[in-house]
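The structure appears right after this line, and notes come after that.
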Amino acid sequence: MKTYTIEIAGFTRHLPIIKINNHLSIASFNLLGDVDLVCAAAEAIAEHLPHIDVLITAEAKGIPLIYELSKHLKLPRYVVARKQVKKYMNKPIIHEVQSITTAEKQLLALDYEDAAFLNYKRVAIIDDVISSGSSLEALERLVNKAGGKIVAKACILVEGDSVDRQDVFHLNELPLFTNAMVECLD
Ligand SMILES: O=P(O)(O)OC[C@H]1O[C@H](OP(=O)(O)OP(=O)(O)O)[C@H](O)[C@@H]1O
Ligand SMILES: Nc1ncnc2[nH]cnc12
């Protein structure tokens with residue numbers, strides 16, 4: 001398998017290059033299960049955040065990261081926007097998302113209790129990767145609707161066009177690959 005090698009918070013990882021459609025491939029970054037990397041990335045991001053009251057992310061890969069970040073920042077509660085409305089959710093606020101990794105439109109939903117918790121709080125939006133920016137935009141809309149104040153946006157990796165974003169703190173950058181480009185890699 002072709003891989004892309006990247007350094008993140010002092011750790012080297014060899015990411016498999018995966019075709020996502022007829023034109024594009026991504027270097028797939030899956031932090032689920034990677035304890036050392038999650039801990040180091042959380043520590044590195046924590047140093048660059050202003051004073052905040054609560055972190056929010058989108059499920060699923062952002063969850064271990066904000067858990068670890070919340071521990072660092074001594075924040076007792078964090079908020080996760082879900083990709084499905086569960087029966088146990090109360091009056092959810094919903095926004096559509098078209099993430100680069102998923103062909104179909106998805107949704108992000110915030111439970112009423114979590115939305116109420118964000119109200120008037122200083123909120124940092126956190127994700128593992130920001131690529132098209134669609135997930136970030138949906139999270140921004142949810143936080144605004146909930147009455148939270150977005151004071152920081154941070155992720156481990158920015159990808160593709162998002163590498164030029166000035167509004168997101170990040171630890172490193174990932175390229176997008178055309179499939180023709182991938183054919184030429186050894
Ligand atoms: O900037 P975007 O194009 O929206 O892409 C970024 C999103 O893609 C990934 O989630 P993914 O859709 O792979 O879902 P998962 O975390 O549930 O695996 C990542 O965790 C971000 O949330
Ligand atoms: N390269 C990547 N790896 C994992 N998830 C992603 N979401 C967007 N880009 C991604």
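Remember, it's 1-based here, ligands and their atoms both numbered in the order they're listed.
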Looking only at atom types and distance, does a side-chain atom of Lys61 sit under 3.5 Å from a main-chain N or O of Asn30, one as donor and one as acceptor?
no
Asp127: numbered ligand 1 atoms lying under 4.0 Å from its heavy atoms
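Atoms satisfying the 4.0 Å criterion: 19 (C), 20 (O), 21 (C), 22 (O).
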Contacting atoms of ligand 1, where contact means under 4.0 angstrom from a heavy atom of Ser132
1 (O), 2 (P), 3 (O), 4 (O)
Logged contact type for Asn30 with ligand 2, heavy-atom cut-off 4.0 Å, is neither
Top protein contact for atom 6 (C) of ligand 2, by heavy-atom distance:
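Answer for atom 6 (C) of ligand 2: Thr101 CG2, 3.5 Å.
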At a 4.0 Å threshold, what atoms of ligand 2 neighbour a non-hydrogen atom of Leu174?
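Selected atoms, number and element: 1 (N).
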Here the atoms of ligand 2 under 4.0 Å from any heavy atom belonging to Ile100 are 8 (C), 9 (N)
Electrostatic pair [X]:[Y] at N-O distance under 4.0 angstrom:
X: Arg122; Y: Asp53; value: no
X: Arg82; Y: Glu59; value: yes
X: Arg13; Y: Glu7; value: no

For ligand 2, find out whether one of its N or O atoms is nearer than 3.5 Å to an N or O atom of Asp128.
no
Between Thr101 and ligand 1, which part of the residue brings a heavy atom under 4.0 Å of the ligand: side chain, backbone, both or neither?
side chain
Indicate, as side chain, backbone, both or neither, the part of Lys83 found under 4.0 angstrom from ligand 1 when only non-hydrogen atoms are considered.
side chain
Please compare Asn30, Asp128, Thr57 and report which has the shortest non-hydrogen distance to atom 19 (C) of ligand 1.
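It is Asp128 whose heavy atom sits nearest to atom 19 (C) of ligand 1.
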Heavy-atom contact under 4.0 Å between Glu137 and ligand 1?
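It does not; every heavy atom stays at 4.0 Å or beyond.
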Test Thr101 against Ser99 for side chain to side chain donor-acceptor pair (under 3.5 Å), laying out the working first.
CA-CA 5 Å; Thr101 53; Ser99 161; 3.0 Å; yes
